[in-house]
Amino acid sequence: MENLISLWHSTGIYNFTGGQAFMMLVGFLLLFLAIKKGFEPLLLLPIGFGAILSNIPVAGIAEEGGILYYLYYGIKTGLFPLLIFMGVGAMTDFGPMLANPKTLLLGAAAQFGIFASLLGALALNAIPGLEFTLKDAAAIGIIGGADGPTAIYVASKLSPDLLGAIAVAAYSYMALVPLIQPPIMRALTTEDERKIEMQQLRVVGKTEKIVFPLMLLVICTLLLPSAAPLIGMFALGNLMNACGVVERLSQTAQNELINIVTIFLGLAVGSKLSAEAFLQVKTLGILALGAIAFSIGTAAGVIMAKIMNKFSSTPINPLIGAAGVSAVPMAARVVNKLGLESNPHNFLLMHAMGPNVAGVIGSAVAAGVLLSLVK
Amino acid sequence: MENLISLWHSTGIYNFTGGQAFMMLVGFLLLFLAIKKGFEPLLLLPIGFGAILSNIPVAGIAEEGGILYYLYYGIKTGLFPLLIFMGVGAMTDFGPMLANPKTLLLGAAAQFGIFASLLGALALNAIPGLEFTLKDAAAIGIIGGADGPTAIYVASKLSPDLLGAIAVAAYSYMALVPLIQPPIMRALTTEDERKIEMQQLRVVGKTEKIVFPLMLLVICTLLLPSAAPLIGMFALGNLMNACGVVERLSQTAQNELINIVTIFLGLAVGSKLSAEAFLQVKTLGILALGAIAFSIGTAAGVIMAKIMNKFSSTPINPLIGAAGVSAVPMAARVVNKLGLESNPHNFLLMHAMGPNVAGVIGSAVAAGVLLSLVK
Amino acid sequence: MENLISLWHSTGIYNFTGGQAFMMLVGFLLLFLAIKKGFEPLLLLPIGFGAILSNIPVAGIAEEGGILYYLYYGIKTGLFPLLIFMGVGAMTDFGPMLANPKTLLLGAAAQFGIFASLLGALALNAIPGLEFTLKDAAAIGIIGGADGPTAIYVASKLSPDLLGAIAVAAYSYMALVPLIQPPIMRALTTEDERKIEMQQLRVVGKTEKIVFPLMLLVICTLLLPSAAPLIGMFALGNLMNACGVVERLSQTAQNELINIVTIFLGLAVGSKLSAEAFLQVKTLGILALGAIAFSIGTAAGVIMAKIMNKFSSTPINPLIGAAGVSAVPMAARVVNKLGLESNPHNFLLMHAMGPNVAGVIGSAVAAGVLLSLVK
Amino acid sequence: MTEQMTSGIELMFTGMGIVFLFLIMLVIAINIMSALVQRYFPDIPASKTVPGITADIDKSVVAAITAAVHQYRKKHN
Amino acid sequence: MTEQMTSGIELMFTGMGIVFLFLIMLVIAINIMSALVQRYFPDIPASKTVPGITADIDKSVVAAITAAVHQYRKKHN
Amino acid sequence: MTEQMTSGIELMFTGMGIVFLFLIMLVIAINIMSALVQRYFPDIPASKTVPGITADIDKSVVAAITAAVHQYRKKHN
Ligand code: NA
Ligand code: NA
Ligand code: NA
């Protein structure tokens with residue numbers, strides 16, 4: 001009898017709080033988006049599952065002694081996002097960017113979304129009950145970088161309490177790029193601009209691809225060492241792939257290692273989706289600001305491309321500016337699709353890959369600025 | 001000269017204790033069973049090797065500063081058994097079980113072995129010199145769950161000193177299932193019963209397979225959250241495989257990740273096979289009770305199947321009850337073999353897979369009960 | 001404005017020290033050697049990159065909170081070098097050695113390089129400003145073992161400050177084996193000796209290959225347990241491969257696991273290439289002694305082979321003695337090449353593989369001696 | 001009977017009770033879920049292998065490919 | 001306007017400035033590097049696949065092999 | 001000669017002694033083991049590759065398959 005009562009007192013039904021129930025529903029929603037809607041399933045599935053696990057009453061899976069608690073150390077130390085970044089670096093081909101380096105500027109312009117939404121977060125402090133510190137605002141702004149590991153890395157350093165919401169927003173909006181970007185891109189360009197065909201890119205040799213990541217790291221070291229962990233691990237991955245002499249390491253970094261870390265990272269992010277942290281007006285603010293960040297970044301990229309098209313000797317289709325937000329490779333695909341709509345012979349994919357990978361560098365640089373100036 | 005004496009004093013010959021020598025022999029026996037007899041080699045080989053390494057005098061491989069000492073943290077935190085469980089989940093096909101859900105009850109009945117041997121352990125306290133606490137008894141009982149990671153997880157929480165013996169017993173008896181089960185199965189069934197053919201199972205669609213792990217997790221959350229770490233990681237692995245959108249994560253969970261963790265887990269378990277912990281009358285008790293647990297679990301499963309056959313509208317071959325102990329997929333294969341002996345057209349493998357995977361859930365549930373009630 | 005000054009104060013240009021700049025150049029040199037010269041790229045690329053990352057000013061990647069700081073725990077605990085050793089064990093075929101066991105003695109003789117350079121390091125203390133402790137000398141000597149993980153393991157235990165230089169020297173000289181060894185081999189042998197053809201090796205059965213690693217471990221346990229971590233993990237890998245029943249574990253140990261650990265180990269070693277530790281006269285001493293160690297080891301192996309050839313009933317080509325330093329499989333290939341130069345029908349590769357893998361055991365034994373006697 | 005034994009027996013009854021309760025709930029839930037899914041979200045039976053293609057390859061080809069894959073793996077790992 | 005807002009705006013200008021500065025430097029560096037490499041270390045365009053071989057295999061063979069690899073993997077993992 | 005040097009020389013002799021002792025013991029043990037195994041537990045020489053099958057595939061087929069495996073891997077990873 002005592003056992004039965006003690007058991008009853010240890011059931012989930014007895015211990016459930018409304019917040020936990022709600023957060024489990026959020027977890028299920030993320031799983032639904034991942035599985036049925038194809039929203040960045042590699043990350044949102046483990047994040048959603050982690051959210052469910054960490055909100056199971058009594059079990060304490062995200063508390064000391066629970067598996068998610070230990071996995072979170074991988075985020076706290078920066079290890080997981082940096083290893084993911086290394087893997088992404090190994091998967092990235094800088095060829096298209098090296099063939100047309102001025103498209104790097106598009107990857108710079110699109111980072112405007114980061115700082116605009118940072119300002120937006122501060123502006124929201126006008127609303128009573130909302131209180132974002134400068135650190136919070138910076139962590140929220142980085143959603144506009146459209147790069148998952150960068151967002152998680154920055155948020156874990158500046159505002160770990162908002163990490164869950166920020167990661168969810170970042171990956172969700174990356175998945176929503178095909179919905180968010182096209183209207184903005186259409187609104188800011190004319191049909192004629194969208195029809196612009198670009199010159200075929202030259203083939204970039206192996207040596208340039210080997211030298212580039214090292215050069216990137218040197219510039220980062222000289223100008224902005226606070227971005228060096230991110231840029232450095234990215235460059236390492238890229239070098240391992242480009243150099244061709246450590247193929248087995250590169251393959252492992254791109255496959256097994258990144259897969260293992262992705263599972264762990266997703267679960268650990270999910271462990272930050274607790275009711276106390278997530279069920280706040282702040283979260284709504286984060287979701288709204290994230291959408292704004294993506295939109296402004298897209299717009300800034302397109303406008304920059306329009307300006308460059310005016311001054312460039314070779315034609316630049318303004319659509320490719322939208323790819324500057326990163327969200328690799330979705331944003332580039334969106335560009336390609338819109339290009340084909342206006343001109344069935346206009347294959348912009350490769351041209352958009354340049355700004356697309358430049359956007360990854362751009363947001364890592366922005367992350368470095370935030371990490372070094374926001375204290 | 002001084003050097004030579006100091007070297008002599010650091011040789012194994014000089015420092016060997018009888019206990020260490022004996023435990024190294026135990027390690028070699030496990031290797032022999034793994035390699036020559038095919039006893040669950042994936043686990044027993046690393047466990048046996050770990051036993052040898054941790055009993056090497058002077059080297060201190062299982063003491064602070066030694067590799068096995070560090071690897072043991074993976075068990076202490078629950079990480080290793082839970083990651084194995086995730087991988088097993090990813091390898092598990094719930095199709096046959098979903099096609100005939102009432103066979104789940106067989107996976108429930110077979111857990112009787114757990115509680116019977118728990119009682120047995122307490123009864124052994126009557127023997128002078130033996131002293132099993134309730135925690136010890138619970139950890140021993142879980143051997144009857146016939147599921148390695150569950151046994152290791154429970155033992156590491158309730159009775160870490162007995163972990164080595166419990167893990168060895170669990171994996172050894174799983175390997176011995178083809179010897180232990182058939183006599184019991186034959187004794188409890190008639191030739192006619194063994195001849196019973198079962199209706200072909202319907203094909204289970206993808207959506208059901210996706211929904212099932214989530215449903216399982218919800219029920220676990222509501223009824224028995226203490227089982228949620230085990231059931232949750234199992235469900236995560238299963239979902240990753242079933243959903244089809246994170247194929248690369250599922251493959252890694254089933255292959256490289258589970259392989260790496262298996263090596264580490266085995267070695268770490270082996271580090272608990274020290275002379276002090278293992279060379280006790282208790283160990284004999286554990287080995288005896290483990291065999292009893294398997295036998296009683298088998299019997300309970302078969303009897304439950306006989307009862308169900310009486311009341312079911314469709315025929316149920318009582319043999320499949322034996323698969324309820326889990327020991328996936330050995331127990332199901334044993335069922336199939338005995339079925340074919342009595343009736344060459346009677347392929348029971350798929351029918352036995354239902355109770356077989358249900359047995360995994362069943363023992364995870366039993367583990368949850370023990371973890372929540374035994375304090 | 002304040003921001004700009006604060007940013008300027010956080011640039012690398014502002015903070016660079018000469019030492020850091022120099023060490024980054026060392027890192028680039030290692031990358032150049034790895035990528036363009038093919039010097040052990042699997043290790044030297046991550047080491048070189050780690051050197052660059054850890055010398056980036058401000059970023060603190062090798063300090064507490066940085067990724068390299070955390071990765072270094074894998075070396076401090078011995079985990080990384082031992083896991084590499086396990087993987088190497090799984091890749092090693094002891095067949096040629098078992099077919100001609102007396103070639104093991106060549107693997108013993110070549111370890112003379114270790115102790116000779118240990119003495120050399122002590123002798124260098126005569127130079128004012130140089131001060132090697134006995135521990136330092138032992139850690140430096142182990143370079144002569146021509147085995148990366150062994151060198152890292154020993155250096156991390158005896159002289160962690162010299163770890164960076166020692167690892168770099170060890171891997172560099174292993175890459176330079178085709179340059180260092182031939183002149184010594186030619187000087188110590190006559191044309192006739194180099195022409196000696198050896199009897200074809202018998203095929204070694206599976207059982208012998210299974211028993212060997214266990215026997216090796218037993219002898220190590222009895223004679224020199226301080227070598228048991230190294231020998232034990234090596235034997236574990238070898239057994240996993242030889243036994244054939246845990247193929248998936250063996251494959252993972254040889255591929256994904258060793259690849260992951262190699263990346264981590266390399267980066268972590270690189271983190272020890274800081275200006276303070278590396279920019280010392282000591283480093284020059286280490287580089288010089290490393291070259292001496294390899295040369296003396298080679299010579300000792302060849303001389304031993306000449307002696308054995310005198311007394312052996314079957315002919316022994318003295319060249320194979322050079323393979324006793326280990327540096328698997330480069331040293332064996334060098335032997336083969338020199339053999340073919342003198343006699344186009346003289347394929348010594350398989351004959352050299354025996355001493356080659358014996359050299360791995362030999363240096364692990366020497367490591368055990370140093371770890372147990374040098375305090 | 002010792003107190004420990006009593007609590008052991010109690011544990012047995014509670015434990016088996018919970019195990020059965022849990023799995024019975026699961027049976028009910030599966031039955032409901034399967035009915036709902038088959039009614040409202042029917043899907044084509046999942047078949048992971050494409051039998052047409054697999055059947056076309058005769059065994060010796062598979063053996064040859066397996067060997068080739070082996071060689072490939074050895075070379076590339 | 002709050003002090004926080006001021007520092008936010010300042011941060012925006014500094015931040016975007018640095019981002020542009022960084023990437024402009026990178027553009028310049030790439031241009032120099034590419035010119036130098038193409039002039040002094042020209043290399044044959046990297047092509048990772050060997051088109052000749054790949055083209056020779058028609059799609060059905062690839063499908064067959066893919067299936068075989070699948071089978072192989074299942075068996076061997 | 002310094003005391004350190006003396007202990008270094010002592011270490012050298014002890015060390016090389018142990019190394020030789022260890023490996024000589026190993027030689028003896030291997031000889032005994034091989035004799036015993038070959039006498040009491042002889043086994044068919046282990047041959048990991050199946051030469052018959054491998055030989056049947058000519059090199060171009062292997063190349064084709066290698067390329068296919070490459071494609072497969074790219075698609076599936
Ligand atoms: Na970006
Ligand atoms: Na079970
Ligand atoms: Na050696």
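In what follows, every chain begins at residue 1, and chains take the letters A, B, ... in the order their sequences are listed.
When heavy atoms are compared at a cutoff of 4.5 Å, A:F32 does not approach chain B at all. For A:Y69, no part lies near chain B; criterion is any non-hydrogen pair under 4.5 Å. For B:K157, the part lying under 4.5 angstrom from a heavy atom of chain A is the side chain only. Heavy atoms of B:A227 lying under 4.5 Å from chain A are absent altogether. If you measure heavy-atom distances from A:Y14 to chain B, you find no contacts under 4.5 Å at all. For A:I13, the parts lying near chain B are the backbone and the side chain together; criterion is any non-hydrogen pair under 4.5 Å. With a 4.5 angstrom heavy-atom cutoff, B:L373 touches chain A only via side-chain atoms. Heavy atoms closer than 4.5 Å to chain B are found in both the backbone and the side chain of A:L42. For a residue to count as touching a neighbouring chain, one of its non-hydrogen atoms must lie under 4.5 Å from one of that chain's; by this rule A:S10 touches chain B with backbone and side chain alike. Interface residue A:L31: only side-chain heavy atoms are found under 4.5 Å from chain B. Neither the backbone nor the side chain of B:L371 comes within contact range of chain A; no heavy atom of the residue lies under 4.5 Å from a heavy atom of that chain. With a 4.5 angstrom heavy-atom cutoff, B:V369 does not touch chain A via any of its atoms. Interface remark: A:I35 contributes backbone and side-chain atoms alike to the contact with chain B (heavy atom separation under 4.5 Å).
Of all non-hydrogen atoms in B:D93 and B:G95, the two that sit nearest each other are OD1-N, 2.8 Å. The two residues B:D147 and B:S363 have their closest heavy-atom pair at CB-OG, 4.0 Å.
Contacts with chain A were tallied for B:L249, B:L257, B:T252; B:L249 has the most, counting heavy-atom pairs under 4.5 Å. Contact count versus chain A (heavy atoms, under 4.5 Å) is highest, among B:G78, B:G368, B:P225, for B:P225. Your options are B:L222, B:V246, B:V245, and the one with the most heavy-atom pairs under 4.5 Å with chain A is B:L222. Looking only at heavy-atom pairs under 4.5 Å with chain B, the residue among A:V58, A:N55, A:I61 that has the most is A:I61. Contacts with chain B were tallied for A:L68, A:I258, A:L53, A:N15; A:L53 has the most, counting heavy-atom pairs under 4.5 Å.
In this structure, the side chains of A:F39 and A:M174 stay at 4.5 Å or more apart for every pair of heavy atoms. Looking only at side-chain heavy atoms (C-beta outward), B:I361 and B:I231 come within less than 4.5 Å of each other.
No hydrogens or angles considered: a donor-acceptor pair under 3.5 Å links the side chains of B:D136 and B:S159. Checking A:Q20 against A:T17 by side-chain atom types alone, a donor-acceptor pair falls below 3.5 Å.
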- Message: Apply side-chain contact (heavy atoms from CB on, under 4.5 Å) to residues A:F234 and A:T92 and explain how you reach the verdict.
- Response: CA-CA 9 Å; A:F234 191 78; A:T92 298; 3.7 Å; yes
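No more than 12 heavy atoms of other residues, nucleotides or ligands lie within 6.0 Å of CZ in B:F112, so this atom counts as exposed by the packing criterion.
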